[in-house]
**Student:** 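Here it is, the structure in full.
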Amino acid sequence: MIEKKLLEQTCEAIRHLYGQEIKPESVGLEKTKREITGDYTIVVFSLLKISRKSPEATANEIGIFLKDKVAEICDFNVIKGFLNLVLSDHFWIKFLEKHGTRPGFGFQKPRHERPVVLEYSSPNTNKPLHLGHIRNNLLGFSLAEILKANGHKIVKVNLVNDRGIHICKSMLAYMKWGNNATPASTGMKGDHLIGLYYVMFNQHYKAEIHDLIEKGLTEEEAERQAPLIQEAQDILRKWESKDPGTFDLWRKMNNWAYEGFDQTYHRLGVDFDKIYHESETYLLGKKLVDEGLKAGTLIQKEDGSIWADLRDEGLDEKLLLRADGTSVYMTQDLGTAQLRYDDYHPSSMIYVVGNEQNYHFDVLKRVLTKLGKNWASHINHLSYGMVELPAGKMKSREGTVVDADDLIDEMIQTAEETTRELGKADELSETDAGKLFNTIGLGALKYFILKVDPKKNMLFDPKESIDFNGNTGPFIQYTYARIQSLLGKSNEAGFLWEDVTVSTELTLERLEKETIVRLYQFQEAVVQAGDEMSPAVIANYVFDLAKVFNQFYQELPVLKEVDKEKVFLRLLITNFVGETIRKSMSLLGIQVPLRM
RNA sequence: GGUCCCGUAGCUCAGUUGGAUAGAGCAACAGCCUUCUAAGCUGUGGGUCGCGCGUUCGAGUCGCGCCGGGAUCACCA
């Protein structure tokens with residue numbers, strides 16, 4: 001709001017000084033760099049054509065006008081073409097008093113009526129979740145929180161890919177070598193048990209291919225003719241014809257997977273409002289395709305298969321329905337999109353899906369548009385990059401994946417070791433200590449993943465990358481814990497700081513002001529994160545805030561000051577920083593401990 | 001080959017609608033616990049922002065062309 005005022009008054013200054021009208025948007029207003037005195041900077045280079053004076057003279061004239069007209073500006077300085085405006089301490093202190101104790105700060109945006117449907121996670125039921133899913137789940141959950149903070153209603157949706165050849169492979173291996181094992185009989189998580197058979201299938205399948213190639217077949221022939229894959233396809237056909245035995249096993253094994261997933265989701269702290277199953281929705285797309293064919297927007301080839309012709313849009317033809325009438329991936333996604341639209345009439349539909357499917361979503365939107373769905377333009381793909389390991393890429397078939405549950409265990413264990421080493425768990429009960437290790441371990445993991453720009457591929461080094469010092473979750477949690485301790489101490493010491501008000505003459509020290517300025521910018525960071533669909537904005541913001549506060553904490557006494565107003569002011573800042581850290585971290589799905 | 005994404009310090013990453021001397025963390029080295037939690041703070045060293053050309057008062061940021069890495073272009077999902 002102060003920005004708006006500065007922009008308007010700058011226009012006023014130009015009208016007054018040079019007799020020309022310009023638009024507020026065309027004024028170059030930005031935050032002053034940290035090393036330079038000032039809070040806001042107006043870049044005047046673009047105004048030189050109007051002023052017909054040197055950059056320094058122009059900046060000076062505008063500065064004089066603004067200082068005179070805007071009460072909040074107490075001073076200004078000019079460096080080359082940069083007009084640095086200094087806002088008064090009084091302005092910042094008033095801001096602190098107004099917002100410092102209000103818990104909802106940063107969330108004053110108007111509510112939106114229509115919801116946003118946000119799909120994330122979307123697991124396959126034939127193997128457990130891995131590191132890639134963790135990035136997906138954390139991004140999805142965090143984005144939901146950020147959008148909520150921006151006034152949106154959110155429907156979190158999970159689309160479970162519970163049918164197809166992959167689950168049949170696990171089923172086949174189980175029938176052959178499973179010995180009726182169950183999660184209960186083996187003590188394994190259901191999804192891990194199923195994953196075991198998926199790996200088993202691939203091992204035997206690979207061996208069969210190898211043998212067939214020895215016998216003189218080409219690789220392609222071998223892959224197609226191996227008995228195991230043919231048996232798996234047979235199971236798929238039985239499933240599609242609803243063969244009772246196959247269907248029962250399918251249901252049983254899928255339920256194991258769901259139980260396993262639920263545990264992992266619970267540990268990660270993510271949840272869903274609605275779960276769609278592809279087995280229930282995969283037929284719906286066919287109807288859309290039929291309608292498109294009748295309307296003449298789709299084409300049918302001689303063998304009966306149906307296609308969308310996207311060549312005049314720079315893409316290729318895309319198969320939508322096989323010759324035998326069965327559906328493909330795109331068909332299903334058309335159907336689920338329509339279903340989702342009918343269910344919620346959302347203002348937008350967001351899909352959190354890896355960037356390897358960029359093309360798929362491009363095509364999905366175009367086909368829906370072709371089918372006359374004008375809401376297709378409201379589909380957004382939050383495309384995130386792969387998580388790479390130091391050893392190379394993750395390949396599920398080659399066993400070079402990082403299992404989600406293992407990773408979480410490892411993080412919590414490392415947190416425990418480090419915490420005990422520092423002697424911080426000594427005074428805690430077993431349950432409290434356990435909770436703390438959990439909070440720290442998961443905080444480290446979540447922050448590490450979320451601080452990276454989603455669209456970029458990222459490197460995950462389990463040994464070295466997970467640290468508890470520096471730009472990490474635990475560092476921010478630690479800052480919060482110290483703040484809580486400090487506030488507790490202030491209560492013990494009997495500071496009735498809610499009764500005090502700060503006089504207008506009080507001046508801010510550099511670190512106080514820097515901290516307040518960052519708090520002021522918090523709301524903007526939330527909006528930006530929402531627009532860019534990037535929790536990384538929040539993560540990097542809150543680290544910056546915590547870092548500045550640690551300096552503040554180190555250099556400025558908070559409770560030892562004699563001046564009661566100073567104590568009050570610093571407690572106000574401390575409390576405000578604490579609240580902002582808590583809120584920011586909750587937008588990332590990260591908990592903060594009261595002590596650590 | 002077509003399309004899309006990425007390339008910033010030894011490593012992992014930030015870098016606001018193009019702005020001032022490109023920033024953090026890790027790692028290395030040197031300091032700071034009798035003082036609100038040292039998972040902290042301060043300091044030092046470390047850069048051809050992949051390369052080139054262009055746009056302009058000004059380019060890590062925008063445009064074009066190269067180089068390098070990745071993804072995708074399936075009757076898999």
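This structure is a prediction, so every number in the text was calculated from the model and none was measured. Each chain gets a letter, A, B and so on, in the order the sequences are listed, and its residues count up from 1.
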**Student:** Taking A/G132's backbone N and O only, do any of them form a donor-acceptor pair with A/N136's side chain (distance below 3.5 Å, no angle check)?
**Tutor:** no
**Student:** Compute both the distance and the angle, then confirm whether A/R163 meets the cation-pi test with A/Y282: under 6.0 Å from the six-membered ring centre, within 45 degrees of the axis.
**Tutor:** yes
**Student:** Rounding to an integer number of angstrom, what distance separates B/A9 and B/C4 when you compare their C1' atoms?
**Tutor:** 29 Å
**Student:** What about A/K560: does its side chain form a donor-acceptor pair under 3.5 Å with the base of B/U35?
**Tutor:** no
**Student:** Quickly work out the A/R518 CZ to B/U16 C1' distance and round it to whole Å.
**Tutor:** 13 Å
**Student:** Pairs counted only when both distances fall under 3.5 Å, Watson-Crick or G-U: show me the 5' to 3' dot-bracket for RNA chain B, [ ] for pseudoknotted crossings and | for other-strand partners.
**Tutor:** (((((((..((((.....[...)))).(((((.......))))).....(((((..]....))))))))))))....
**Student:** Given atom CG of A/L545 and atom C1' of B/A14, what is their separation to the nearest angstrom?
**Tutor:** 16 Å
**Student:** Between the base of B/A39 and the side chain of A/K424, is one N or O donor paired with an acceptor at under 3.5 angstrom?
**Tutor:** yes
**Student:** For the pair A/F460 and A/F448, name the ring-plane relationship: parallel under 30°, tilted 30 to 60°, perpendicular over 60°.
**Tutor:** perpendicular
**Student:** The side chain of A/D453 lies closest to which of these nucleotides: B/U37, B/A14, B/A39?
**Tutor:** B/A14
**Student:** So if I take every side-chain heavy atom of A/I79 and compare against B/A20, B/C57, B/A14, which nucleotide ends up nearest?
**Tutor:** B/A20
**Student:** A/R52 CZ to B/C57 P: how many Å, rounded?
**Tutor:** 14 Å
**Student:** Residues in side-chain contact (heavy atoms from CB on, under 4.5 Å) with A/Y359, at least two apart?
**Tutor:** A/L315, A/D316, A/V363
**Student:** Checking side chain to side chain contact (heavy atoms under 4.5 Å, CB included) between A/L320 and each of A/L293, A/V328, A/V367, which is the one that passes?
**Tutor:** A/V367
**Student:** Using whole Å, report how far OH of A/Y478 lies from P of B/A39.
**Tutor:** 4 Å
**Student:** Applying a 4.0 Å non-hydrogen cut-off, can you work out what A/E278 is touching in the nucleic acid: base, sugar-phosphate, or nothing?
**Tutor:** sugar-phosphate
**Student:** Between C1' on B/C76 and CG on A/D333, what's the gap in Å once rounded to a whole number?
**Tutor:** 13 Å
**Student:** Could you work out which one of B/C36, B/U37, B/U42 sits closest to the side chain of A/V558?
**Tutor:** B/C36
**Student:** Would you mind calling B/C33 syn or anti? Take O4'-C1'-N9-C4 for purines or O4'-C1'-N1-C2 for pyrimidines, and syn is within 90° of 0.
**Tutor:** syn
**Student:** Between B/U37, B/A14, B/C75, which nucleotide has the shortest distance from any of its atoms to the side chain of A/S305?
**Tutor:** B/C75
**Student:** With A/L7, which residues qualify under side-chain contact (heavy atoms from CB on, under 4.5 Å), at least two apart?
**Tutor:** A/P24, A/V27, A/L29
**Student:** Give one of base, sugar-phosphate or nothing for A/T41, where a contact means two heavy atoms less than 4.0 Å apart.
**Tutor:** base
**Student:** For atom C1', what is the distance between B/U8 and B/A14, given to the nearest Å?
**Tutor:** 10 Å
**Student:** Under 4.0 Å, heavy atoms only, any strand: does A/L315 hit a base, just the sugar-phosphate, or nothing?
**Tutor:** nothing
**Student:** Looking at B/A27, does its base get a donor-acceptor pair with the side chain of A/D467 below 3.5 Å?
**Tutor:** no
**Student:** The side chain of A/F45 lies closest to which of these nucleotides: B/G19, B/A77, B/A39?
**Tutor:** B/G19
**Student:** Contact class for A/A536 (heavy atom, under 4.0 Å): base, sugar-phosphate, or nothing?
**Tutor:** nothing
**Student:** Between A/F468 and A/M330, just flag the one whose closest nucleotide in RNA chain B comes earlier from the 5' side.
**Tutor:** A/F468
**Student:** CZ of A/F543 versus P of B/A39: gap in Å, rounded?
**Tutor:** 16 Å
**Student:** Applying the side chain to side chain contact (heavy atoms under 4.5 Å, CB included) test to A/Y480, which of A/Q477, A/Q484, A/R482 qualifies?
**Tutor:** A/Q484
**Student:** Tell me whether A/R570 contacts the main-chain N or O of A/E512 through its side chain, where contact means a donor paired with an acceptor under 3.5 Å.
**Tutor:** no
**Student:** Anything under 30° is parallel, anything over 60° is perpendicular, the rest tilted; go ahead and classify A/F82 against A/F45.
**Tutor:** perpendicular
**Student:** Out of B/G19, B/G70, B/C75, which nucleotide sits closest to the side chain of A/N457?
**Tutor:** B/G70
**Student:** Rounded to whole angstrom units, what separation is found between the NZ atom of A/K33 and the P atom of B/G19?
**Tutor:** 10 Å
**Student:** Under 4.0 Å, heavy atoms only, any strand: does A/N126 hit a base, just the sugar-phosphate, or nothing?
**Tutor:** nothing
**Student:** Can you identify which nucleotide, out of B/C6, B/A71, B/A77, has its nearest atom closest to the A/N355 side chain?
**Tutor:** B/A71
**Student:** Check this one for me: any side-chain N or O of A/K318 less than 4.0 Å away from OP1 or OP2 of B/C75?
**Tutor:** no
**Student:** Where each residue is assigned the nucleotide of RNA chain B containing its nearest heavy atom, which of A/K547 and A/E356 is assigned the position nearer the 5′ end?
**Tutor:** A/K547
**Student:** Indicate whether OP1 or OP2 belonging to B/G23 is found under 4.0 Å from a side-chain N or O atom of A/R34.
**Tutor:** no
**Student:** Counting only distance, no hydrogens or angles, is the base of B/A39 paired donor-acceptor with the side chain of A/T419 under 3.5 Å?
**Tutor:** yes
**Student:** Please confirm whether any donor atom in the side chain of A/D303 sits under 3.5 Å from an acceptor in the base of B/C75, or the reverse.
**Tutor:** yes
**Student:** Heavy atoms only, 4.0 Å cut-off, all strands: where does A/D544 land among base, sugar-phosphate and nothing?
**Tutor:** nothing
**Student:** Would you find more than 12 non-hydrogen atoms of other residues, nucleotides or ligands less than 6.0 Å from A/K435 atom NZ?
**Tutor:** no
**Student:** With sugar-phosphate meaning primed atoms plus P, OP1 and OP2, does A/M596 contact a base, only sugar-phosphate, or nothing at under 4.0 Å between heavy atoms?
**Tutor:** base
**Student:** The side chain of A/R322 lies closest to which of these nucleotides: B/G19, B/A77, B/G40?
**Tutor:** B/A77
**Student:** Classify the side-chain pair A/N161/A/H166 by whether it contains a donor and acceptor separated by less than 3.5 Å.
**Tutor:** yes
**Student:** Have a look at A/Y359 and say if it touches a base, only the backbone sugar-phosphate, or nothing, with a 4.0 Å heavy-atom cut-off.
**Tutor:** sugar-phosphate
**Student:** Hey, does A/L556 reach any base, or is it just sugar-phosphate, or nothing, if we go heavy atoms under 4.0 Å?
**Tutor:** base
**Student:** What's the gap between B/U42 and B/C33 when it is taken at their P atoms, as a whole Å value?
**Tutor:** 16 Å
**Student:** From C-beta outward on A/L459, which listed nucleotide comes closest to its side chain: B/U37, B/A14, B/U12?
**Tutor:** B/U12
**Student:** Once you apply a heavy-atom cut-off of 4.0 Å, does A/L29 come out as touching a base, just sugar-phosphate, or nothing?
**Tutor:** base
**Student:** I want to verify a distance call: between B/U17, B/C6, B/A77, whose nearest atom is closest to the A/R163 side chain?
**Tutor:** B/A77
**Student:** When you compare the ring of A/Y553 with the six-membered ring of B/G40's base, are the centres less than 5.5 Å apart and the planes under 30° from each other?
**Tutor:** no
**Student:** Give one of base, sugar-phosphate or nothing for A/F475, where a contact means two heavy atoms less than 4.0 Å apart.
**Tutor:** sugar-phosphate
**Student:** Please classify the nucleic acid contact of A/Q332 as base, sugar-phosphate, or nothing, using heavy-atom distances under 4.0 Å.
**Tutor:** sugar-phosphate
**Student:** Report the residue from A/K31, A/E35, A/E30 that forms a side chain to side chain contact (heavy atoms under 4.5 Å, CB included) with A/K33.
**Tutor:** A/E35
**Student:** Find the distance A/I167:CD1 to B/A77:P and express it as a whole number of Å.
**Tutor:** 15 Å
**Student:** Could you tell me whether A/V452 contacts a base, only the sugar-phosphate backbone, or nothing, with contacts defined as non-hydrogen atoms closer than 4.0 Å?
**Tutor:** sugar-phosphate
**Student:** Base, sugar-phosphate, or nothing for A/I36, non-hydrogen atoms under 4.0 angstrom?
**Tutor:** base
**Student:** Answer yes or no: does a side-chain N or O of A/K80 lie under 4.0 Å from OP1 or OP2 of B/C57?
**Tutor:** no
